[in-house]
Structures are given as C-alpha cells and as structure tokens.
Amino acid sequence: MSKAAAEDVGSATAESVKSFVSGGFGGVCAVLVGACSDGRDAEAVLIVWPGHPFDLTKTRLQTAAPGAYTGALDVVKKTVAKDGITGMYRGMVPPLLGVTPIFAVSFWAYDMSKLLIFALTPKRTSESLSVPELATAGFLSAIPSTLVTAPVERAKVLLQVQGQGGSEHKYKGVVDVIKHLYKEGGIRSIYRGSVATVARDGPGSAAYFAAYEVTKKALTPAGSSPSELNLGAVIFAGGMAGVAMWSLAIPPDVIKSRIQSAPSGTYFGFMDCARKTIAADGVGALWKGFGPAMARAFPANAATFLGVEVARKFLDSAF
C-alpha cells in the first residue's frame, strides 16, 4: 500500500470514529440536560431528561385495549394513581443503557452512507448531496442501528406496559426481561419487532437527517457555511429534525409497540398487526400516541444535535 493510500485509510478511519463518538455524545445529551447545584453541599446532580413519561404515555396509548384511556392526560392520571409518580418511569433503564450506542451507530452509519453515495456517483457535478440523497443516507443509517434499537425497544415496551389494565407485573427489571425473552424464544424473541423498527426508523431517519440539513442550510446566511452556525440555530434545526421524524414515524411505531408487547402468536408479522389493528380500532389507531411523541420530539432532538455538533467540533480541533 502506498503512503498516500495509507493516509487516506487512516483519515477515513478517523472520520468514522469521530462520527461514532459524537453520535454517542449526542445520545447522552438527549437523556441528560445538565446539572444543578444543591445549596447545602454544592454537589452537581445529573437530571434525567423528563421525556420518558411522554414515551411511556405514548406506548400505553398505543397498546391499551380500546376505551382504556380517554387521552394522554388520562394515562398519566391512572398510572400515577396506581403506581405513583415512579410508575411514569417504568422501562427507563433500557433506553438509558441503549441511547449512547444507538445514536453512536446511527450517526456513524449516516456519515458512512453519505460517503457511499459519493463513491457510487463519481461523475457528480455537485460537491454537496441533494435532499433525496441525504434522505437515502438517513434511511440506510437505520439498518445497522436496528441491531441495537430493536432489543432495547422490546425490553422498554414490555416494562412500560406491565401492570396496564390489571396485567401482572411479570418482570423485575431489564435483565429479567432479557432472561425471560431468551428462555421463551431465544434471540428471535429478543429481536421481535425488528422489521417494524426498520419500517419506523428507515423513513423516520430519512426525514430526520434531511430535515436537519435542510433547516441548517435555510438558516445559513449568504456566503457562510452551515458549519459556522451558532448554537441557537443548531438547536432549532435539531428540534425540527425530531418533529419531521415523528410526523412520519407514529403509524409504524404503533405497530412496533403492539408486536413487541403482545403475547407470542398474537401477530404474524408487520402487515398482520396493521390489518388487525385497523380492523379492531380503525385507521385512527395508527396515530395513537402522536401528541406525547411530538411533545418530546423537539427538545430531545435539539439536545441530541447540539451534543453531536459540539462533540464533533471538539474532536476536529483536537485530532
């Protein structure tokens, strides 16, 4: 291998590592919003992002029997009445453990997909990707990230819905969930809902990354580069990316939640679940949980992209 070729390989490897690390840091920022000082001992206390109750509310709306709840506020009221405020945080451990690798893989795969598109279009006239190409890269990023996302979502959903509608509290925690699932059906059971996860995250990630890039470009003054945008613009673009994603992702998310929470044999795949859901509850059932999802979409993803951009600038300057 020539010296030039070796340098190219080294540069590509460094860029992929930066994408992975900055994506992981963005995931952390989606969960942790900062620190507060205790007036008595001045110790910093990390505050868990208050978005999980919205996610639990969304999941319970999506999986409950018809008529169980009148809306999002009714979910909160009944959950708190039965389990206390801690009931709103059921299933929080899986996303806390999984958020860093999920976002790390997602942002790494997005950057690698953009490089792949450039490699497949050597005669291109533009040095920047078009919106459809950005969306394609976003869609492709969802495929490897599903390897992490699907089992995390499976465990989270099962923990979130247990006790709902008088059902038994079957699991003691995330480790207990994984043990039960593996005993029940091996790896296949742990990864149940993977097709639905790709159906949600493929189009969702396409909208997610494309919306972020388009919004950044729209906010960039003439003669400047999107990389020079201030943090406020990055926060706004990240929030809009989250809104764009969840505008598309709710119907497949409903199907995913139902497949992952139902007893074995209830559904025979994505289309079977969709057909049975519509037959039983109408087309409107595919949009259950839209309100709670949108309520957390902007702030959570604003924090994510802020973390990614800050981490990437630091890595670029340090290495």
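Numbers here are sequence positions counted from 1.
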Check: Are any of the side-chain heavy atoms of H169 and R90 separated by less than 4.5 Å?
Finding: yes
Notebook entry, point to check: Does a side-chain N-to-carboxylate-O contact under 4.0 Å join K313 and D316?
Noted result: no
Check: Can you find a heavy atom in the side chain of Y208 that is under 4.5 Å from one in the side chain of F305?
Finding: yes
Item checked: V17 vs L315, side chain to side chain contact (heavy atoms under 4.5 Å, CB included): CA-CA, chis, key distance, verdict -> CA-CA 10 Å; V17 171; L315 292 172; over 6 Å; no
Check: Are L159 and I178 connected, step by step, through hydrophobic side chains (Ile, Leu, Val, Met, Phe, Trp, Tyr) whose heavy atoms are closer than 4.5 Å?
Finding: yes
Checklist line | Closest contact, heavy atoms only, P151 versus Y191 | finding: CD-CE2, 3.5 Å
Check: Would I143 end up clustered with M112 when hydrophobic side chains under 4.5 Å apart are linked, directly or stepwise?
Finding: no
Next item on the list: Any chance you could lay out the side chain to side chain contact (heavy atoms under 4.5 Å, CB included) test for V195 and M271, step after step, and finish with the verdict?
Entry: CA-CA 10 Å; V195 171; M271 294 307 298; over 6 Å; no
Check: Within the distance-only criterion (no hydrogens, no angle test), does the side chain of Q62 pair as donor or acceptor with the backbone N or O of S257 below 3.5 angstrom?
Finding: no
Notebook entry, point to check: Linking I/L/V/M/F/W/Y whenever any side-chain heavy atoms sit under 4.5 Å apart, do L129 and F107 land together?
Noted result: yes
Check: Can you tell me if E309 uses its side chain to pair, donor with acceptor, with the backbone of L306 under 3.5 Å?
Finding: no
Note to self: For I102, is there any backbone N or O sitting under 3.5 Å from a side-chain donor or acceptor partner on S106?
What the structure shows: no
Notebook entry, point to check: Does the side chain of S261 come within less than 4.5 Å of V157's, by heavy atoms?
Noted result: yes
Check: Salt bridge or not for K216 and E228, using N-O below 4.0 Å?
Finding: no
Check: Do R192 and S264 touch side chain to side chain, with heavy atoms closer than 4.5 Å?
Finding: yes
Notebook entry, point to check: Can you name the residues that form a ring pair (Phe, Tyr, Trp, His ring centres under 6.0 Å) with F20, not counting sequence neighbours?
Noted result: none
Notebook entry, point to check: Can R275 and D272 be counted as an ion pair, charged N to O under 4.0 angstrom?
Noted result: yes
Check: Mind checking what makes side-chain contact (heavy atoms from CB on, under 4.5 Å) contact with I255, not counting sequence neighbours?
Finding: I259, F270, C273, A274, T277, L286
Item checked: Partner residues of F25 under the ring pair (Phe, Tyr, Trp, His ring centres under 6.0 Å) criterion, sequence neighbours left out -> none
Next item on the list: Indicate the atoms forming the closest heavy-atom contact of T220 with S225, along with that distance.
Entry: CG2-C, 3.6 Å
Notebook entry, point to check: Would you say the side-chain atoms of R154 and S194 include a donor-acceptor pair closer than 3.5 Å?
Noted result: no
Checklist line | side chain to side chain contact (heavy atoms under 4.5 Å, CB included) evaluation trace for V310 with L231 | finding: CA-CA 9 Å; V310 169; L231 295 184; 4.3 Å; yes
Note to self: Walk me through whether K276 and D281 qualify under salt bridge (Lys or Arg N to Asp or Glu O under 4.0 Å).
What the structure shows: CA-CA 8 Å; K276 290 178 178 177; D281 304 330; over 6 Å; no
Next item on the list: Please indicate whether R188 has more than 12 foreign heavy atoms, meaning atoms of other residues, nucleotides or ligands, lying under 6.0 Å from its CZ.
Entry: no
Check: Who pairs with S317 by side-chain contact (heavy atoms from CB on, under 4.5 Å), at least two apart in sequence or on another chain?
Finding: none
Item checked: Residues forming a side-chain contact (heavy atoms from CB on, under 4.5 Å) with T197, sequence neighbours excluded -> T146, T149, A150, R200, D201, K256, Q260
Check: Taking atom OH of Y182 as the centre, does the number of heavy atoms from other residues, nucleotides or ligands within less than 6.0 Å exceed 12?
Finding: no
Note to self: I need the minimum non-hydrogen distance between Y267 and R258, along with the two atoms involved.
What the structure shows: CE1-O, 3.6 Å
Notebook entry, point to check: Looking only at heavy atoms, what is the nearest atom pair of A241 and A211, with distance?
Noted result: CA-CB, 4.0 Å
Margin query: Which residues pass the side-chain contact (heavy atoms from CB on, under 4.5 Å) test with V75, not counting sequence neighbours?
Written below: T57, R60, L61, Y69, T79
Check: If you look at every heavy atom in G138 and S205, which pair is closest and at what distance?
Finding: O-CB, 3.1 Å
Item checked: Basic-acidic side-chain contact under 4.0 Å: K179, E184 -> no
Notebook entry, point to check: Are K82 and K77 side-chain neighbours, meaning at least one heavy-atom pair lies under 4.5 Å?
Noted result: no
Note to self: Classify the ring geometry of H52 against Y89: parallel below 30°, tilted from 30° to 60°, perpendicular beyond 60°.
What the structure shows: parallel
Item checked: Short N-O contact, D111 and K18, less than 4.0 angstrom -> no
Item checked: Nearest-0.5 Å distance, CG of residue L219 to CG of residue L229 -> 6.5 Å
Note to self: Do the side chains of K288 and D253 get close enough for a salt bridge, i.e. N-O under 4.0 angstrom?
What the structure shows: no
Notebook entry, point to check: Rounded to the nearest 0.5 Å, how far apart are CD of Q164 and CG of D83?
Noted result: 10.5 Å
Next item on the list: Would you check if the distance from the ring center of Y212 to the ring center of Y110 is below 6.0 Å?
Entry: no
Note to self: For a 4.5 angstrom cut-off between non-hydrogen side-chain atoms, does K114 reach L134?
What the structure shows: yes
Notebook entry, point to check: Rounded to the nearest 0.5 Å, how far apart are CZ of F236 and CG of N230?
Noted result: 12.5 Å
Check: Taking atom CH2 of W108 and atom OG of S16, what is their separation to the nearest 0.5 Å?
Finding: 7.5 Å
Check: Should the pair E153-K156 be classified as a salt bridge under the 4.0 Å nitrogen-to-oxygen rule?
Finding: yes
